[in-house]
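For reference, the structure is listed below as C-alpha cells.
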Amino acid sequence: MALVKLLPRSPIEDSGVARAFAFGTFAVGCLAIAVYGQTYLAPAGTLLVAAPGYIYSHRHRHDPPDRIRQAVIAGLVFACLAYFVFDSVLALFGGNLPQANFVMLLVAVTSFELRTRRNLYSTMWMSLALLYLAAVFAWDVAFAPIVLAWLLCLGGFWTASHLKRIGAPRFQVPRVPLAAALVAAVALGGGAFVLLPQPSARPAGPLIVSLPTYVSFRGELENPALPLVEFGADPSGSTANINLRYRGRLGDQVVMYVRTGAPGYWRGLVFDSYQKGIWTATHSEGQTFRAYVDARQLPPPQGPQLGSFVQVYRIVQPMPGVIYAAAPVESIYYPAAEIRRDYYGDWRAPAPHAAGTTYSVVSALPDYTPGSLKKLAGQDPSPAVYPQYYDTGSLSERARALARQLTAGIDPADRYELVMALTRKLGSEPYRYSQNLSRVPPGQDPIDWFLFDAKVGYCEQFATAETLLLRSLGVPARLVTGYSTGEYNPTLDQSVVRARDAHAWVEAYFPGHGWVPVDPSPGFDPLAATRFPNRWATSGLARLIPHLTIGAPGAALGSLGALALGPGLAALLIVLVAASGWLWTRRRRLVRSRSPGEFQLLRLYERIQRRLRRRRGPAETPLEYEHAIVAGELAELLSDVTAAVNRGAYAERWPSPADMEELTARLS
Amino acid sequence: MASPALEPARAARLLNRLEDNVARVIVGKRDTVRLAAAGFVAGGHVLLQDLPGTGKTMLARALASSVGGTFKRIQCTPDLLPADITGASVFNQKESTFDFLPGPVFANVVLADEVNRATPRTQSALLEAMAEAQVTVDGETRPLPRPFFVIATQNPVEFQGTYPLPESQLDRFLVAASMGPPTSDEAAEILASRQHGDPIADLEAVLGLAEVVELQEACLKVVVAAAIRSYIVSLLDAIRLRPEVALPASMRAGLYLQRASQALALFAGRDFVLPDDVKSLAVPVMAHRLGMRGRAAAADVVAEVLATVPLPPIRHHA
C-alpha cells in the first residue's frame, strides 16, 4: 500500500561520501584524458568547475527545483552540444578529442544540478565514457592503475550508498577472505611467471611482418620525420623528392603507435619520376576534403576485396604532414579543418603533425593472393596518357639486359609471375641489404652502381632498381615510401613504429587490381600485401564495430599457443575452488552451530517462500507473511512451518529431524 | 516463586473466560477488551480515552466485575481532593487516637472515571499510588492490596473543564486504548441487549484473586527471545530518530512493551512472545507517551516505524 511513501526519501543522495566517490570517477576520467589525450586545459578546467558544483548540489539537494537554474543549465548543455558539432565536424577549436571535451563539459555543467541518484549514475557513466576514449589512445600499462582507480571509486560509491540505504553505522571489511584472495593472487601470478615459458620479445604470430633490423645502427636522426624524403619549403610535402645520394640516419625513436586490425605497410608518399638518382612526383594537383572523408567520397578499391580494417595512428613526434595509411583507403578521419588527397592517392595534412596527433583510417583489404592476382582484367594505363609510369629515366642498357635475363623464360603476359620473379631475384644473392653504404662514385648512376658494382643497398636502392627494371619490361610501376608495420607489442595491443621502420617499396600495376605493392628488399615479403590473421574478423558484425580489433589479441595468444589459456584457466579454477571452499566451510559452520532441525526448517521455509514467489519482507513477521500471501495448496504446510519457525526463532524450540523429514516430504 | 508455573493452555482458558464474560456486556471491540485485559494481567494500568458514551466506563466496570476482589470507583471532578482518593486519618474521640479511613484507592480494581476532570494535584496523588502501589498519609506508608489495577477513562482534551494529563503521568499507564464507534450491526445488538435492562447487573466474577495473581506470575515467565528484545530496542531507536518526535519513548515504554507482549502471548496460549505481539501492542503502549512536533499523529508515526523497521534475522542466537 503506502509502503513506497514510507521508505527513506533519498538515502544515496544524502551520502556525501558517495558523492565524493562519484566525483572521484570523474576525476579519474579527466586524469586518463590528460595522460593519454595530452590535452590539459579541458580536464583541469572542468575539474575546477565540477568540484564546487558537486558541493553546491549536495548542499542544495533538498531545495525545490529552481526553474531558472534548470533553464540556464539546459542552455549550457545545448552550448556544449554546439561546441561538439563545430569542433568535431569543422575542427573549429582544433578538433583535439572533441568527444572527450564534450563529455567533460557536460559533467561540469550538470554538476550543479545533481539531485537524484540517477543524476549521479549518469555522471559516472560519462566518466566511464572518458575512460573509454582514453583507452582508445592508451599505449602503455599505466592505463591499468587508472582503470583500477576508477573501479575503486565505483566500489566506494556503491558501498557508501548501500551502507546509507540500509542505515548501517559502519562497514566491516571481510579482512580474512580479502587477505587470502590477495595472497592467492600474488602466489598465482608469481607461480605462473616462474612456471610458464616466456615468449620472446617478438611473438612469432602471423601478425608480425616487420622483420628485425639487419644492423644495430644507432645514431642521431638528421631528418627525424621521414628520413627517406627530402622536404622542400612546403610543409605539406608536395614538392618533396628522394635523393638516392643522400641518406638520413635512422634511429630507434618511436615515431608513432598504430592500433590496427591487421598488419600492413603505412603508405606515405608516391614518386613516379626518376632522373639521375632523384625521385620526384610529376603531379602535384590534388583534391581537398573535410576532416572526415566518407567512403562515398572516394573511388572504390579495384579488384576482389576481403573486407576492411581500421587503424588508429598516434603520432608521438612532430613530423611533416604526411598522413600514413594502409592502401587503399576507404575512409579517413583526421583532426584538421581539411585534408588533401593528391594525384597518387596519398594524403596530406594542412600542417605538420603535432606530437599527440591522433587520426584513424579505414582501409580496404584487397584480395592479393596469387590466385586472384593471376586473373587480370582490363588494360594497363595508356603510355600516352601516363608516360611517367613507363619512363626508365637514365637506366643503362646493361640494366635493361639484366631485367630480361632475370625474367628469362617467363611469359610476358603473366604479370604476376613476371613481377614476382624479378622481385625474388633482386631480393636474393648476390644482392645484400645494408645501411652502411659507401658514397656513390661521382658521375655514376646510383642504380647502375648498385646493380653491377656495389650489390649492397637498402630499401631505396632495391625499390628503385625494381621500379626501373619493371618499367623496362613494360610493366607500369612507381616507388612508394612510408613505414613498415613496426613491432607488434602484445601488451599494448599496438604496433610500435620507430624511425628505423621507414621503408620504400614498389607498386606495380595489375590490370583489374590497380597498384599492387611488392617489396624487393631482402627479408621482406615479396608480395607486400596486408594479410588478415583471421578472415572472420573482416566480415559481418566486426566491420560495423571499427574500434574492436579482433585480430590482435589472437596474435598475442598465438605466440604462446594453447599455453596462453593456462593462466586464465588456472586463475578461474583457483577462484572457483576457493569460493566453493569458503561457501562450504561457512555452511558447515552454520550447520554445526544450529540444531539439525533448525537448519532443515529454515531451509524448508526458504524453499516455500521461493515456491510462492514472494519473499517475506524484512519488516514482516512470519505470521503476517502467512496471512498476506495466497498460498493455495501450500497454505496448510505454510501454516505449520510458520508455527514451527515461530517456535524455533522465538522460543528456541526447534523441531526434531524426524518432524522435519515429515514436513519436507509434504512440500513435494 | 514456589508455585508451579501456570500451564499456558490453562492461562489461555482463564483469560478467554474473562474476555467472554466482558463480551457479554461490551458488544464487539474484542481488541480493546483484550488490550485492557492484557494490561491487567501484565500488572499495569489502563487508560481508555474516547468520546463520551462510547462504553469506556462500561468496559471498565465489566472488567472489574469479572474479577473477584474489591472494586471501587472514583468519579473525578474538579473539586475532588487527594484525601478523597487516598483516605485520611480521623480522630477517634473514644480512644483518643487517629484512625485511618482508607480511601477508594484501597481496592483491587479501581475505576478512575474521567480522570482528566480532576485537578492536577488530585491526579498526581492517584498516579503516585499507581506507580508505587502504596499510599503515604500522615507520614505513614500503607501498601495497597494485591493485585492492584487502575482503569482510568478520559475524554478528549478539547472538552471544557478538563486538566490534560501531563506526559510524565501518561507514561505511567501501560496501555492507552480507545473504543471507537460501534458498527451499525453492533449498535443494533447493543440496543437489543439493553431492551429489558442492563446486562452488567447480572455479570459475575469469573476470575478469583488467586487466579489473577497466578496469571500475573505466569506472565513474568513468558519467554522473550533475544531477537524480540533487540526488535523492541530497534523500534525505540527508530522512533527516537523520527524528526516529528519531540519527546521520544522512554525506557519505561520499552519495559511496558515487553511486559504487555508477554501478557498478550498468554492470551494465545503461548509461553513465548512473537514479534506479532510486539507489533500489535506498539501503538497502544507507545503512542500516548510520545510528544509530537506540529500536527503529526503519534499513532501514525509508530505505525510507519512498524512497517519499516526490519525484524532481526531468524536464526540461532547462541
Side-chain angles (χ1 to χ4, degrees), chain A residues 1-9 11 14 62 164-169 586-587 589-606 608-609 615-628 639 641-655, chain B residues 5 8-9 221-235 237-244 258 261-262 264-282 296-297 299-318:
Chain A
M1 22 169 254
L3 254 181
V4 176
K5 196 190 77 196
L6 305 180
L7 285 172
R9 218 162 288 127
D14 280 345
H62 295 316
K164 195 80 184 177
R165 183 182 294 173
I166 64 174
R586 238 187 92 94
R587 201 183 128 137
R589 208 179 306 156
L590 223 61
V591 173
R592 212 177 297 151
S593 72
R594 292 175 173 187
S595 65
E598 172 190 6
F599 187 74
Q600 289 168 19
L601 175 64
L602 293 186
R603 206 168 52 172
L604 176 65
Y605 193 41
E606 288 282 315
I608 292 177
Q609 290 180 44
R615 301 211 139 224
R616 189 172 64 85
E620 206 172 20
T621 68
L623 273 179
E624 283 171 347
Y625 174 73
E626 180 194 333
H627 295 146
S639 163
V641 169
T642 302
V645 166
N646 273 337
R647 257 199 311 280
Y650 302 113
E652 303 269 325
R653 286 199 294 269
W654 297 100
Chain B
K221 294 206 166 117
V222 171
V223 172
V224 182
I228 298 289
R229 289 196 295 271
S230 71
Y231 181 53
I232 291 176
V233 171
S234 51
L235 284 181
D237 287 346
I239 289 174
R240 184 178 308 123
L241 291 175
R242 292 290 296 222
E244 305 95 316
Q258 167 173 294
S261 302
Q262 287 174 300
L264 201 60
L266 277 188
F267 280 81
R270 265 184 280 112
D271 60 350
F272 57 95
V273 174
L274 282 185
D276 305 84
D277 298 329
V278 178
K279 275 191 160 183
S280 61
L281 283 165
D300 292 349
V301 169
V302 176
E304 289 181 12
V305 165
L306 285 177
T308 47
V309 170
L311 290 175
I314 296 176
R315 59 163 181 256
H316 187 82
H317 288 270

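Just so we're on the same page: letters track the sequence lines, and every chain starts at 1.
Considering all non-hydrogen atoms of both residues, A:Glu624 and B:Lys279 come closest at OE1-NZ, 2.8 Å. Counting all heavy atoms, side chain and backbone alike, A:Ala619 lies closest to B:Ala307 at CB-O, 3.3 Å.
For A:Arg653, the part lying under 4.5 angstrom from a heavy atom of chain B is the side chain only.
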Inset, instruction - Evaluate side-chain contact (heavy atoms from CB on, under 4.5 Å) for A:Arg616 paired with B:Leu311, printing each intermediate quantity in order. - result: CA-CA 11 Å; A:Arg616 189 172 64 85; B:Leu311 290 175; 3.5 Å; yes

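In this structure, the side-chain contact (heavy atoms from CB on, under 4.5 Å) partners of B:Ser280, at least two apart in sequence or on a different chain, are B:Leu264. Judged as a salt bridge (charged side-chain N to carboxylate O under 4.0 Å, His left out), and not counting sequence neighbours, B:Asp300 has no contacts.
One finds the CG atom of B:Asp277 at 10.5 Å from the OH atom of A:Tyr650 (value rounded to the nearest 0.5 Å).
Proximity of A:Pro622 to B:Leu274: side-chain heavy atoms (C-beta onward) are nowhere separated by under 4.5 Å.
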